Amino acid sequence: MILSGQSPPEIFVDGEERDIKIRPNIAGTEVVLLGATPAGQREIIIEVVGPKRNITLQEKRRFLGLWLGLGKINYNNVPSYYNILSSKPLNEISDQETFNKLGLGLENLPLGKAEIINSDLKQRIFDKRLRTEMQNKGQFLENESSIAVRSGPGKVGLFSTEFFLPSNSLQGKYFVRYFTFRDGNFISYTENTIDLKQAGFSRVVWLTANNFPLIYGLLAVILSGLVGWLVSIIFRQLKIS
Amino acid sequence: MEFYLPIAEMSINPVGFLVLGIVVGTLSGTFGVGGGFLMTPLLILLGIPPAIAVASEANHIVGSSLSGTIGHLRRRAVDIRMGNVLLTGGVLGSIVGILIFNSLKEAGFVDLLVTIAYFFFLTIIGLLMLYESLDSMGLLGHKKRSRFYHHSWVMGLPLKVRFRRSGLYISLIPPYLVGFVVGILSAIMGVGGGFIMIPAMIYILRMPTSVVVGTSLYQIIFITSIVTILHATTNQTVDFVLALILLVGGAIGAQLGVRLSNKLKGPALRVALSILVLSVGIVMGLELILEPDQSITILAGGH
């Protein structure tokens, strides 16, 4: 780790990939991010970008007096999770132009090319809606001023923050990108990753359903039938029916 | 408490869904229908994606109809021969239904189809039931019940077979067609089809009401099993965790419902059911007519 009294490199974070297991029956897990910078006027922005997933939007239009979901917009590479954390409000750290150059911020988060079926609208309209929907669902988050910076021993500044991954978070690699700024100027960048794994049962079910669909279908039928049969036995024993 | 559905990829409150199972189970125990036609739209209204709601509900009905059939078999209220004929038509129908479902899914129209199918069938059947039950209560001023029409075309068809338990000697063609149509609907709507099958058995095939529910449930076990496997292999949309939660709730509810139905009068019961069916249909219909708050929404993915 960092030796006291010695100035660290511009930014230091644990470079190891971290494994996090998440269980389906708990609300989720708290992830703590720690790091060090040289002491002094450093501001920090951290972005967490989750694994990509498919998302389909529908556009409802009036057709023969009915509101029908006619337009379909398929995205194949939407981050399933996005969180931007910072040590101060973003507009106090730097200006939008700098953020744009760095590709930093929710506005600059790439959503990938969309396949637009049966709609005349432009992709940027759908992108905007998708960002809002994901924010409403709590999957795209902005947590300004959520990073605590303290001066550590000697010339070291320590920062820490935490964020919450709900239990339904997609498994896979979460990229964590760290940016430091001083006096409105970008100073340094580093990144590491968190590998999230759905633990146990849910994962097995999902893999079986997708890799062995026939076996899964048969098992689903047998299980349902078995439970139904058990129910009839139990209620007969209890003389209820 | 949160519970993660592995296929729907979303967290749900299992207590809420258990209660939903109990409520729908109570209704189905009271009225002698499978309850899928209520459960699937309710699941969709609760945010389960329609494709997953349809497939998982089919999986749920496998268990609930098996449980129900066992009870009816003990009371000798299942016409197995008739069930097998309905089943043969139903198997073909469900395969056709899955083909329709998948071609529309590819074109992106599956949710539309499901909503329209529900609106259409629930409204029509709700109205027919309401009319019939009010009529049988004598509230519509008809002196004589005009329940049984003279189906000369049914009687005139060839390939006649004796169905002993139903006390019928009729052609194989009408039950075969009824099975076929219900099979298509099962695949598209994620229902056992009891709410269509039972009126068809009574009004078209003229089966005695004592064997109607048991026979319908008997063939529903097989149809929904096939539909479940077809959805699992072609769409990977069967969430058996969801199905099992609903099944446990439904089993408790069905027993409550049987007790409740003994306390309620028949025609009043049918009026209540018809109003229920109608209101679910109307809610589905309003979704089509009312302008949505937001015209662009997430349809699938993104939890």
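Small disclaimer: the values here were computed from a predicted structure and weren't measured. The sequence lines fix the lettering, A, B, ..., with proteins before strands; numbering per chain opens at 1.
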Legend entry - Minimum-distance pair of heavy atoms, taken over all atoms of B:I44 and B:A53: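 For B:I44 and B:A53, the tightest heavy-atom pair comes out as CG1-CB, 3.8 Å.
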Among [options], which residue has the highest count of heavy-atom pairs closer than 4.5 Å to chain B?
| options | answer |
| --- | --- |
| A:A220, A:G217, A:G65 | A:A220 |
| A:I73, A:V231, A:N74 | A:V231 |
| A:S119, A:G225, A:G71 | A:G225 |

Legend entry - Max heavy-atom pair count under 4.5 Å with chain A, selected residue of B:D239, B:T233, B:V241: B:T233
Polar side chain donor-acceptor pair, [X] to [Y], under 3.5 angstrom:
| X | Y | value |
| --- | --- | --- |
| A:Y216 | A:N210 | no |
| B:N59 | B:S56 | no |
| A:D127 | A:Y75 | yes |

Could you check whether any side-chain N or O of [X] sits under 3.5 Å from a backbone N or O of [Y], counting only pairs where one atom can act as donor and the other as acceptor?
| X | Y | value |
| --- | --- | --- |
| A:E47 | A:G105 | yes |
| A:T161 | A:S146 | yes |
| A:Q123 | A:G112 | yes |

Chain A contact via [X] - which portion, at a heavy-atom distance below 4.5 Å:
| X | answer |
| --- | --- |
| B:L247 | side chain |
| B:N235 | neither |
| B:L290 | backbone |
| B:L288 | both |
| B:L66 | side chain |

Atom group of [X] that falls short of 4.5 Å from chain B, counting heavy atoms:
| X | answer |
| --- | --- |
| A:L121 | side chain |
| A:R62 | side chain |
| A:L130 | side chain |

Legend entry - A:D120 atom CG, over 12 foreign heavy atoms within 6.0 Å: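 No - once you tally the heavy atoms of other residues, nucleotides and ligands closer than 6.0 Å, there are 12 at most.
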